[in-house]
Amino acid sequence: MKKTYFAIHLLASCALAAALIGCSPSDQQATSKTLSIAFFGDNTTLVSVDPFQVYWLEHRVLLRNVAESLTDQDPHSGEIIPWLAKSWTISDDALTYTFQLRDDITFSNGERFDAKAVKTAFDSNKALASELPATFGATYLAGFDHAEVVDDFTVKLVLSRPNAGFLQATSTTNLAILAPASYALTPKERSLGKIIGSGPFVLEHYTPEVGARLVKRSGYAWPSANVSNRGEAHLDAVEISYIPEESVRNGLFLQGEADILWPRNPFSEVDLKLFQSKGATIQSRALPGPSLNLFPNTRSGRVLEDKRVRLALQKGIDRKTYASTVYNAEFPVVRSVYDVTTPFFKDQSAKLAYDPQGAERLLDEAGWSKGADGYRSKDGKRLSLSYNIQGAETAGDVLVQDQLRKLGIELKLAVVTRAEWVTANAQGNYDLTSTYMTRADPIILQTILDPRTANSSTLATNLYEPPTLERAKALFDAGITATQAEQRAEAYGQLQDLLVDEASAFPIYERVWQAATAPRVKNFRWTAEGFALLSDIEVDEP
């Protein structure tokens, strides 16, 4: 369980707190419309606030309020709606997307937003994807061939192959459009904050591992329909700090030095009650994309090659207890390999029900017998699984370990660095591993689980027995080439069935992102990607 630390960990003075968030108490009093956000620590290995290169969720929150996209996505229905483009048409073969652009938009440096600006952005992104294929935005640009300027405010984006997720991709932070001047800079310069967008805020500075500052843009007046405020931001500035230490973040918030407390992991029940007792509102949204899944290595000779053992794990994980114990009694129980905010999510709750007796029977059938020590063995070998964990083991990891121990399965938790984790995945040196990405379209799972396009082809291949692999690839193809929503729903519904039925994925928990907002913060709203629309936020006088 996460712990809330009190007096000994709270900051002793406002001066120290102010230093961490980049402003002094007097500054805050003078600038009453400044919002302060205390985020989880910054990314130390994939540092970038360039939309196309950005990976870190916290950076994407920042960017969503600086750089805008051709379209937006309704966070409730998943529908794609206008933004910088006021309308669009898609050719019958789903290869040409023609966008009619708004003619009243400028970037913060004064450059006009037009078809040439869109072409510059997409051409630059394609070139960067070719140069650095691991760039996060490359998956969003799958199939893109070229852009054509039809007239000043009409642009065609042409694909070389169908990509049913492309329209949704144009709504994301990763395909946000920067001013042409931004693309004259190097990718590294953009990564470190030299970006010019059309949004309601301007990025004044970004300092890796420290923080960033956004300032209101004068004259802004072109939000998407997701934004209630149709004009300039209510806030004058937003101060962002990256603070890896939970006790320090909590202390800042409890002392009123941070308006929004935004960690990476959901709050524990103790934290929830403490913050709510101080008048805070807990904002929650499941992040779209895959839930937190464990993925098996089914390679020949591995324990999980046996489907019966995999299905025993599927039945032997108590997901309801996980949600209520690791987090709180109201925390949602995972229901599929996708989180519920992902379009075409299909409820798999019945198949994921806790059934320890069924798990025991499957292990017996597979020839694994319990010994006096409580662990199962066969042919003198203990039923033992290795699970590589990046960073540090969590209370949830230990809970799953305990649940499997009751079945007679030993789960070895190996804490590794990211480099070690990547190497182990590439070499197949694991029994269970875990990874995820966030995107409000089911196509994102292809980047993890389709060996033809996955970041780790070994991990993706190891998931499946040969016949299952072919079925999975066929369903991925059906989903990406579909031209109708009903076709996509069918393909991704069958894919979710397949992954659960074959125990090719073990959903563990819903990836809920939570933020605590102080009483003076009004109108916090989530985007479809799980970010926030800061131009809607208002703050009361301090």
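Given the structure is predicted, the values throughout are model-derived calculations rather than measurements.
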For this session: Name all residues meeting the side chain to side chain contact (heavy atoms under 4.5 Å, CB included) criterion together with L167; count only those two or more places apart in sequence or in a different chain, and write none if there are none.
Result: T71, I80, W88, I90, Y97, F99, T170
Problem set entry | Donor-acceptor side-chain pairing of N43 and T45 below 3.5 angstrom | yes
Exercise. Is there side-chain contact between F40 and W56, with heavy atoms separated by less than 4.5 Å?
Worked result: yes
Exercise. Under the 3.5 angstrom rule, does the side chain of N174 hit a backbone N or O of V54 as a donor-acceptor pair?
Worked result: yes
Problem set entry | Polar side chain donor-acceptor pair, N425 to S456, under 3.5 angstrom | no
Exercise. Can you list the steps and then say if N250 with F275 is a side-chain contact (heavy atoms from CB on, under 4.5 Å)?
Worked result: CA-CA 9 Å; N250 289 357; F275 300 147; 3.6 Å; yes
Exercise. Q73 and G78: which non-hydrogen atoms are nearest, and at how many Å?
Worked result: NE2-O, 3.2 Å
Seminar exercise, completed: OG (S48) and CZ (F136) are apart, to the nearest 0.5 Å, by 12.0 Å
Problem set entry | Side chain S182, main chain I196, donor-acceptor under 3.5 Å | yes
Exercise. Between CD1 of I443 and OG1 of T342, what distance do you get to the nearest 0.5 Å?
Worked result: 13.0 Å
For this session: Name all residues meeting the side-chain hydrogen bond (donor to acceptor under 3.5 Å, both in side chains) criterion together with T172; count only those two or more places apart in sequence or in a different chain, and write none if there are none.
Result: none
Exercise. Heavy atoms, side chains only, cut-off 4.5 Å: are L70 and L175 in contact?
Worked result: no
Problem set entry | Those residues that, when tested against T394, pass side-chain hydrogen bond (donor to acceptor under 3.5 Å, both in side chains) (two or more places apart) | D397
For this session: Determine, step by step, whether N226 and W83 satisfy the side-chain contact (heavy atoms from CB on, under 4.5 Å) criterion, reporting the C-alpha distance in whole Å, the side-chain angles of both residues, the deciding distance to 0.1 Å, and the verdict.
Result: CA-CA 9 Å; N226 284 334; W83 197 352; over 6 Å; no
Problem set entry | Gap between atom CG of L35 and atom CG of D259 - 0.5 Å precision | 5.0 Å
Exercise. Judged by modelled atom types alone, do D431 and S386 share a side-chain donor-acceptor pair under 3.5 Å?
Worked result: yes
Exercise. Would you find a donor on one side and an acceptor on the other, under 3.5 Å apart, between the side chain of N65 and the backbone of F201?
Worked result: no
For this session: Would you check if there is a donor-acceptor pair between the side chains of S349 and D347 at a distance under 3.5 Å?
Result: yes
For this session: Look at the rings of F166 and F144 and say which category their plane angle falls in: under 30° parallel, 30 to 60° tilted, over 60° perpendicular.
Result: parallel
For this session: Evaluate the criterion side-chain contact (heavy atoms from CB on, under 4.5 Å) for residue pair V61 and W513; output intermediate values, then yes/no.
Result: CA-CA 12 Å; V61 174; W513 211 11; 3.8 Å; yes
For this session: Just grab all the salt bridge (Lys or Arg N to Asp or Glu O under 4.0 Å) pairs involving residues 488-508, residues at least two apart or on different chains.
Result: K307-E502, K346-D497, K351-D497, K351-D501, D441-R488
Exercise. Is it true that a side-chain atom of Q514 and a backbone atom of F267 form a donor plus acceptor pair closer than 3.5 Å?
Worked result: yes
For this session: Could you tell me whether the side chain of R64 reaches within less than 4.5 Å of the side chain of L534, counting heavy atoms only?
Result: no
Problem set entry | Side-chain donor or acceptor of Q446 paired with backbone N/O of T139 under 3.5 Å | no
For this session: Could you name each residue pair satisfying salt bridge (Lys or Arg N to Asp or Glu O under 4.0 Å) that touches residues 35-47, not counting sequence neighbours?
Result: none
Seminar exercise, completed: Separation between OG1 (T517) and CG (L261), nearest 0.5 Å, reads 10.0 Å
Problem set entry | Distance, nearest 0.5 Å, that separates CG of L95 from NZ of K156 | 12.5 Å
For this session: Output all residues satisfying salt bridge (charged side-chain N to carboxylate O under 4.0 Å, His left out) with D318, sequence neighbours left out; order by chain, then residue number.
Result: none
For this session: Would you tell me whether T461 and R299 have side-chain atoms, one donor and one acceptor, within less than 3.5 Å of each other?
Result: no
Exercise. Hey, does E529 have a side-chain heavy atom less than 4.5 Å from the side chain of T438?
Worked result: no
For this session: Please round to the nearest 0.5 Å and tell me the distance separating atom CG of N429 and atom OG1 of T423.
Result: 9.5 Å
Problem set entry | Counterpart residues, ring pair (Phe, Tyr, Trp, His ring centres under 6.0 Å), relative to W526 (two or more places apart) | W262, F524
Problem set entry | Y338 side chain vs L445 backbone, donor-acceptor pair below 3.5 Å | no
Exercise. Considering only heavy atoms from C-beta outward, does the side chain of L294 approach that of L313 to under 4.5 Å?
Worked result: no
Problem set entry | Shortest non-hydrogen contact from S336 toward L352 | N-CD1, 3.9 Å
For this session: Kindly give the heavy-atom pair with the smallest separation between R319 and P507, and that separation in Å.
Result: NE-O, 2.5 Å
Exercise. Considering residues at least two apart in sequence or located in another chain, which fulfil the side-chain hydrogen bond (donor to acceptor under 3.5 Å, both in side chains) criterion with E420?
Worked result: T417
Exercise. Yes or no on side-chain contact (heavy atoms from CB on, under 4.5 Å) for R190 and F52, after CA distance, side-chain angles and deciding distance?
Worked result: CA-CA 10 Å; R190 292 197 300 274; F52 194 64; over 6 Å; no
Exercise. Can the ring centroids of H59 and F39 be said to lie less than 6.0 angstrom from one another?
Worked result: no
Problem set entry | S228 and N523, any side-chain heavy atoms less than 4.5 Å apart | no
Exercise. Does anything in residues 121-133 pair up under side chain to side chain donor-acceptor pair (under 3.5 Å), and if so which pairs, sequence neighbours excluded?
Worked result: K119-D123
Exercise. Do the ring centers of Y509 and Y322 come within less than 6.0 Å of each other?
Worked result: yes
Name every donor-acceptor pair, under 3.5 Å, that has one atom in a side chain of residues 467-480 and the other anywhere in the protein, sequence neighbours excluded.
residue: D477; atom: OD1; partner: R452; partner atom: NH1; Å: 3.2
residue: D477; atom: OD1; partner: R452; partner atom: NH2; Å: 2.9
residue: D477; atom: OD2; partner: R452; partner atom: NH1; Å: 3.1

For this session: With salt bridge (charged side-chain N to carboxylate O under 4.0 Å, His left out) as the test, would you mind laying out the steps for E510 and R335 before giving the verdict?
Result: CA-CA 8 Å; E510 190 87 357; R335 293 189 282 155; over 6 Å; no
Problem set entry | Sole residue of M437, R439, R511 in side-chain contact (heavy atoms from CB on, under 4.5 Å) with L287 | R511
Exercise. Hey, are W421 and T433 close enough side-chain-wise for a donor-acceptor pair under 3.5 Å?
Worked result: yes
For this session: Report the residues that fulfil salt bridge (charged side-chain N to carboxylate O under 4.0 Å, His left out) with R249, sequence neighbours left out, ordered by chain and then residue number.
Result: none
For this session: Taking the side chain as every heavy atom from C-beta outward, state whether E209 and V47 have any atom pair closer than 4.5 Å.
Result: no
Problem set entry | Minimum side-chain heavy-atom gap I195-L63 below 4.5 Å | yes
Exercise. Can any side-chain N or O of R310 pair as donor or acceptor with the backbone N or O of T298 at less than 3.5 Å?
Worked result: no
For this session: Check the side chains of S91 and D93 for a donor-acceptor pair under 3.5 angstrom, ignoring hydrogens and angles.
Result: yes
Problem set entry | With T483 via side-chain hydrogen bond (donor to acceptor under 3.5 Å, both in side chains) - residues at least two apart | Q487
